Amino acid sequence: MLRDKRGRFLKGTHPFLGTEFKKGKNHPNWGKSLSLGIKIKIGLANKGRKCSEETIKKLSESHKGNKPSEETIKKMSEAMKGNQNCLGNKLAEEHKIKISEALKGEKAPGWKGGITPTYKIIRCSMEYEIWRKAVFERDDYTCQDCGKRGCELNAHHILSFSKYPEKRFDVDNGKSLCIDCHGDNHPEISIPLGY
């Protein structure tokens with residue numbers, strides 16, 4: 001086996017077949033088991049080749065009569081009864097809820113011991129979403145500092161989110177701000193906020 005300076009096999013060499021690697025039936029060990037228990041397959045020899053029209057027709061004809069028996073069809077049908085997930089049907093809502101409940105918290109495959117910060121849990125909660133929407137609707141989806149309408153808005157806490165936990169979900173403690181104005185209200189943070 002020939003290798004280059006980096007240790008890669010040179011073109012025309014193969015780690016299992018020696019230096020003179022010949023594809024397919026031309027290889028002296030065609031169809032024989034090699035010392036490592038590897039067998040040269042027909043697919044290797046035909047890789048990249050295109051079939052002739054005649055071969056394609058022959059293959060097509062040979063597959064035409066391959067249908068499952070009535071007994072097999074019946075067994076498959078019985079096995080699929082009641083399975084809402086088969087053939088692209090939607091899962092029943094009850095089933096979705098059951099799966100969701102079974103994979104929450106410590107039962108989830110990606111569980112790492114409850115390491116999510118509290119502020120993230122709060123900001124992803126439904127209560128926070130309701131608060132944001134209420135603030136936006138009260139302010140008519142308009143930035144309260146510059147007056148822009150129809151731009152991307154953030155719900156800003158007038159009294160700090162971290163210092164006043166009792167005011168986190170008070171609609172009177174929020175105001176709608178565009179991304180630029182929200183960044184101006186938080187000079188300690190250099191990137192625009194998404195909350």
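FYI, side chains are in, hydrogens and waters are out, and symmetry mates aren't considered; it's all heavy atoms of this structure. Since the structure is predicted, the reported quantities are computational estimates derived from the model, not experimental observations.
- Looking at I97 and S100, their side chains never come closer than 4.5 Å, going by heavy atoms from C-beta outward.
- In this structure, R132 fails the cation-pi test against F169, since its NZ or CZ atom is not both closer than 6.0 Å to the six-membered ring centre and inside 45 degrees of the ring normal.
- Atom CD of E166 is surrounded by more than 12 heavy atoms from other residues, nucleotides or ligands within 6.0 Å.
- Taken from OH in Y119 to SG in C124, the straight-line distance is 9.5 Å, to the nearest 0.5 Å.
- For the pair D180/K148, a side-chain contact is recorded, criterion being any heavy-atom separation below 4.5 Å from C-beta on.
- Using modelled atom types, one side-chain atom of T142 and one backbone atom of D140 make a donor-acceptor pair closer than 3.5 Å.
- Side-chain atoms of L153 and L177, non-hydrogen and from C-beta on, never get closer than 4.5 Å to each other.
- Distance check: C178 SG to H156 NE2 gives 12.0 Å after rounding to the nearest 0.5 Å.
- Side-chain contact between H182 and D145 is absent, with no heavy-atom pair separated by less than 4.5 Å.
- Residues K167 and N173 share a closest heavy-atom pair of O-ND2, 3.1 Å.
- Judged by distance alone, the side chain of S125 and the main-chain N or O of I122 form a donor-acceptor pair under 3.5 Å.
- The CG atom of D172 sits 10.5 Å away from atom CG of L159, with the distance rounded to the nearest 0.5 Å.
- How far CD1 of I130 is from CD of E127: 7.5 Å, rounded to the nearest 0.5 Å.
- Proximity of a side-chain donor or acceptor of R138 to a complementary backbone N or O of G174 within less than 3.5 Å is detected.
- D139 places a side-chain N or O within 3.5 Å of a backbone atom of S176 that can act as its donor or acceptor partner.
- Annotation: Y164, atom OH; neighbour count of heavy atoms from other residues, nucleotides and ligands within 6.0 Å does not exceed 12.
- Not one N or O on the side chain of R149 forms a donor-acceptor pair closer than 3.5 Å with the backbone of C143.
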Quiz item: Going through the checks in order, is the salt bridge (Lys or Arg N to Asp or Glu O under 4.0 Å) test met by K74 and E78?
Solution: CA-CA 6 Å; K74 203 172 199 177; E78 287 297 320; over 6 Å; no
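- If you take CD on E61 and CG on L59, they are separated by 10.5 Å, rounding to the nearest 0.5 Å.
- Atom OG of S69 sits about 8.0 Å away from atom NZ of K75, to the nearest 0.5 Å.
- In this structure, K104 and E101 have side chains that are in contact, with non-hydrogen atoms separated by less than 4.5 Å.
- Ring geometry for W131 versus H157: interplanar angle under 30°, hence parallel rather than tilted (30 to 60°).
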